[in-house]
Number of protein chains: 2
Amino acid sequence: MSRPTIAGVARAAGVSVASVSRVLNGLPATEEMVERVQRAVDELGYVPDARARSLKVGRTFQLTLAVADVGNPVYVTMMRAVEEVVSAAGYRLVVTTTGPDVVDEVALVRGMARGYADGLLISPLRVDEDLVKSIRECEVPVVVAGNVPAKAGVDTVRANSPKGMLLAVDHLVAKGRRRIAFLNGPADTVPGAARAKGFAEALRAHDLRPAAVAEADDFTFAAGRAAAPALLNSLTSEEVRVRVATSSDVRGRPDAVIAANDLLAVGVMHELAAAGLEVPADVAVVGMDDSELAEQSFPPLTSVNLGSAERGRRAAELLLARIEDNERAPRRIVVQPSLSIRRSTP
Amino acid sequence: MSRPTIAGVARAAGVSVASVSRVLNGLPATEEMVERVQRAVDELGYVPDARARSLKVGRTFQLTLAVADVGNPVYVTMMRAVEEVVSAAGYRLVVTTTGPDVVDEVALVRGMARGYADGLLISPLRVDEDLVKSIRECEVPVVVAGNVPAKAGVDTVRANSPKGMLLAVDHLVAKGRRRIAFLNGPADTVPGAARAKGFAEALRAHDLRPAAVAEADDFTFAAGRAAAPALLNSLTSEEVRVRVATSSDVRGRPDAVIAANDLLAVGVMHELAAAGLEVPADVAVVGMDDSELAEQSFPPLTSVNLGSAERGRRAAELLLARIEDNERAPRRIVVQPSLSIRRSTP
DNA sequence: GTCGGGCTTGTAAACGATTACAAGAACGAT
DNA sequence: ATCGTTCTTGTAATCGTTTACAAGCCCGAC
């Protein structure tokens with residue numbers, strides 16, 4: 001009844017456990033030996049126990065991908081890319097969710113003792129001393145998809161948010177928009193900070209001033225909707241000021257909104273529609289991540305492709321390489337963005 | 001340099017490995033013993049090896065959730081629910097993707113030898129003899145979120161698609177729609193077959209005939225868009241017929257479309273917009289699954305809630321119960337649907 | 001004072017694989 | 001015929017835990 005072990009197979013085949021193991025691992029053996037073992041294996045339906053195997057060989061053949069929110073479509077893109085690379089290398093991918101708090105991430109990395117997986121690929125929203133420390137001390141190789149200080153000495157693959165932001169602003173400006181607003185996620189997150197900085201720089205490069213800036217509580221659709229009214233209210237007060245000052249065209253109601261990710265952008269579009277404003281005629285909207293949601297949303301969302309698929313792929317490759325050789329110098333890869341233009345911009 | 005083992009801790013604390021193990025597992029020990037072990041553990045930063053532990057105790061404390069497509073938002077809902085239940089019970093959740101083919105599912109179940117996880121929760125798109133057989137023979141408990149024959153003797157949690165379909169049709173009829181079309185996913189899948197049947201029954205219950213039926217290659221957004229023209233073409237030919245026949249109001253261009261899931265529904269909405277038709281004024285659209293996408297889409301999508309969160313929760317509970325007691329009689333739970341009305345219907 | 005009972009702790013045998021090492025078989029060359 | 005080489009196979013140690021069992025200790029009761 002109980003599952004057969006290698007000893008059972010050996011007994012059934014009338015050979016030693018070592019021989020069974022050898023046949024199963026493709027080591028040289030005689031025709032007849034292979035034949036006998038194979039028959040016994042088939043007959044008993046034997047499958048090697050992964051636990052025992054990994055205890056002995058010191059590897060689990062599992063890799064963990066930790067993301068903050070499975071509901072964020074950007075992780076779908078990334079996950080697909082990671083999955084492809086790691087499964088080609090013979091690993092199983094384990095996906096876990098950390099939630100938005102850095103303490104959860106630290107706990108995950110700490111608890112990531114050897115034995116659960118052979119490597120960890122983490123995309124942290126917030127980074128602090130503790131997290132960096134726990135990553136350095138982690139017993140298994142860790143690759144970060146995101147931005148951690150170079151001195152952490154860890155492999156990283158990150159996006160170039162400022163450049164991406166510039167692409168978005170370039171595009172909007174080329175289409176004649178000058179009153180550009182920004183809906184960020186939490187500014188105390190790594191991507192939030194990077195995008196805030198990028199937005200400011202990009203506007204400066206065009207000699208523009210932000211039409212409005214708001215900050216959502218989270219990188220989610222709901223938070224985007226919730227924060228949008230603040231953006232809309234600030235529009236209103238801008239409008240008031242315009243009427244008083246009759247200023248240049250850089251004042252007045254924003255004619256474009258850039259959101260820090262696609263979920264927020266879609267949230268904004270809903271609120272714009274609720275306010276009776278048309279996209280892109282009245283207000284153009286640009287998202288970031290170029291996730292599947294960008295093409296599914298209506299109108300389809302112009303979005304900055306921050307290379308999530310490529311980041312996933314490169315990060316997975318880095319992880320595999322480090323598992324191979326833990327002494328190699330840490331690499332820091334930056335993936336360049338591109339812009340996917342769709343109908344939410346003119 | 002290398003990771004400390006329980007033997008190292010024992011040496012450092014000047015006690016036996018058994019004592020260390022006992023302290024770590026909370027078995028009775030003297031104050032002083034606990035103290036010494038604890039200090040040694042802290043000092044060395046010892047963490048038990050999960051592999052060795054699970055080899056000995058025969059459990060991995062991991063549960064696997066296998067879904068067909070991580071990009072389908074319905075699985076996000078389900079995954080969240082499952083995660084909550086299993087992590088409360090002290091298990092880690094491993095999510096894997098099977099792809100749309102039944103052979104992949106069979107391979108997954110077969111390869112699910114004890115040692116990778118303590119249980120499997122699978123939501124198969126297609127079910128055949130082989131799959132049922134592999135599930136019955138699987139060494140770890142398996143719970144199916146979906147419909148498999150009762151004779152398979154396996155715990156299942158499934159949705160009530162026909163009832164859900166009826167809710168959708170009831171709603172559309174109540175709003176005065178009579179020319180109802182249906183965009184299904186592949187009819188050779190379990191949900192595809194159930195929904196086709198449900199749609200036919202629901203229309204019959206209202207003495208209506210289908211305005212049009214089309215079948216997408218997949219339950220994805222892209223497949224939905226690709227299949228929509230077929231639906232639209234059939235609309236056109238219907239329209240032609242109407243012009244010729246001046247028939248009753250059950251003929252003519254569909255004034256409502258029900259899609260077999262939210263992704264397909266959103267795909268249809270895109271094509272409707274491209275054809276210059278307004279939702280819901282010209283055509284009402286109803287999706288199924290009531291996933292996050294339903295509220296994110298524009299207009300927000302009326303969708304049949306097939307209870308994915310509850311299904312996930314119940315399935316996880318069933319799995320935990322079966323792990324507890326593998327002899328209990330298999331249960332077959334059916335979760336009742338409800339309708340989430342949004343603005344894609346009048 | 002001795003003996004039995006209850007605790008605490010240590011010794012050693014698992015769990016199910018892989019693999020170093022040694023022994024045995026086969027075979028060609030001298 | 002004997003020796004050495006090579007190839008195959010088996011024996012046993014090992015990975016890092018848990019846990020059954022035994023041994024030792026302290027204590028109170030007779």
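Sequence lines set the chain letters: A, B, ... in the order given, protein chains first and strands last, and positions in each chain run from 1.
Listed by chain and number, the residues in a side chain to side chain contact (heavy atoms under 4.5 Å, CB included) with Pro191(A) are Leu125(A), Thr189(A), Arg195(A), Phe219(A) (sequence neighbours excluded).
The interatomic distance linking Arg3(B) (CZ) with dG16(D) (C1') rounds to 9 Å, in whole Å. Whole-Å rounding puts the Asp49(B) CG to dT14(D) P distance at 18 Å. Put simply, OH on Tyr46(A) is 7 Å from C1' on dA17(C), counting in whole angstrom units. Summarising the geometry, the separation between CZ on Arg51(B) and P on dT14(D) is reported as 18 Å, rounded to the nearest angstrom. dG16(C) atom P lies 16 Å from atom CZ of Arg59(B), rounded to whole Å. When rounded to the nearest whole Å, the span between CG of Leu24(B) and P of dT9(C) equals 15 Å. Put simply, NZ on Lys56(B) is 12 Å from P on dA13(C), counting in whole angstrom units. Atom pair Leu27(A):CG and dA20(C):P shows a separation of 10 Å (rounding to whole Å applied).
In this structure, Arg313(B) and Glu84(B) have side chains that are not in contact, with every pair of non-hydrogen atoms separated by 4.5 Å or more. Val154(B) places none of its side-chain heavy atoms less than 4.5 Å from the side chain of Val143(B). Taking the side chain as every heavy atom from C-beta outward, Leu63(B) and Leu120(B) never approach each other to under 4.5 Å.
Under a 4.0 Å N-O distance rule, the pair Asp155(A)/Arg322(A) qualifies as a salt bridge. Between Arg36(A) and Glu32(A) a salt bridge is recorded (basic side-chain N to carboxylate O distance below 4.0 Å). A salt bridge does not link Lys133(A) to Glu129(A): none of the charged nitrogens lies less than 4.0 Å from a carboxylate oxygen.
At a non-hydrogen distance threshold of 4.0 Å, nothing from residues 28-36 of chain B comes into contact with DNA chain D. In the region residues 6-23 of chain B, proximity to DNA chain D at under 4.0 angstrom, judged on heavy atoms, holds for Ile6(B), Ala18(B), Ser21(B).
Asp101(B) places no side-chain N or O within 3.5 Å of a backbone atom of Val103(B) that could act as its donor or acceptor partner.
Within the 4.0 Å cut-off from OP1 or OP2 of dT18(C), at least one side-chain nitrogen or oxygen of Arg53(A) is found.
Stacking of Arg92(A) on the aromatic ring of Tyr116(B) is recorded, both the 6.0 Å distance cut-off and the 45° axial limit being met.
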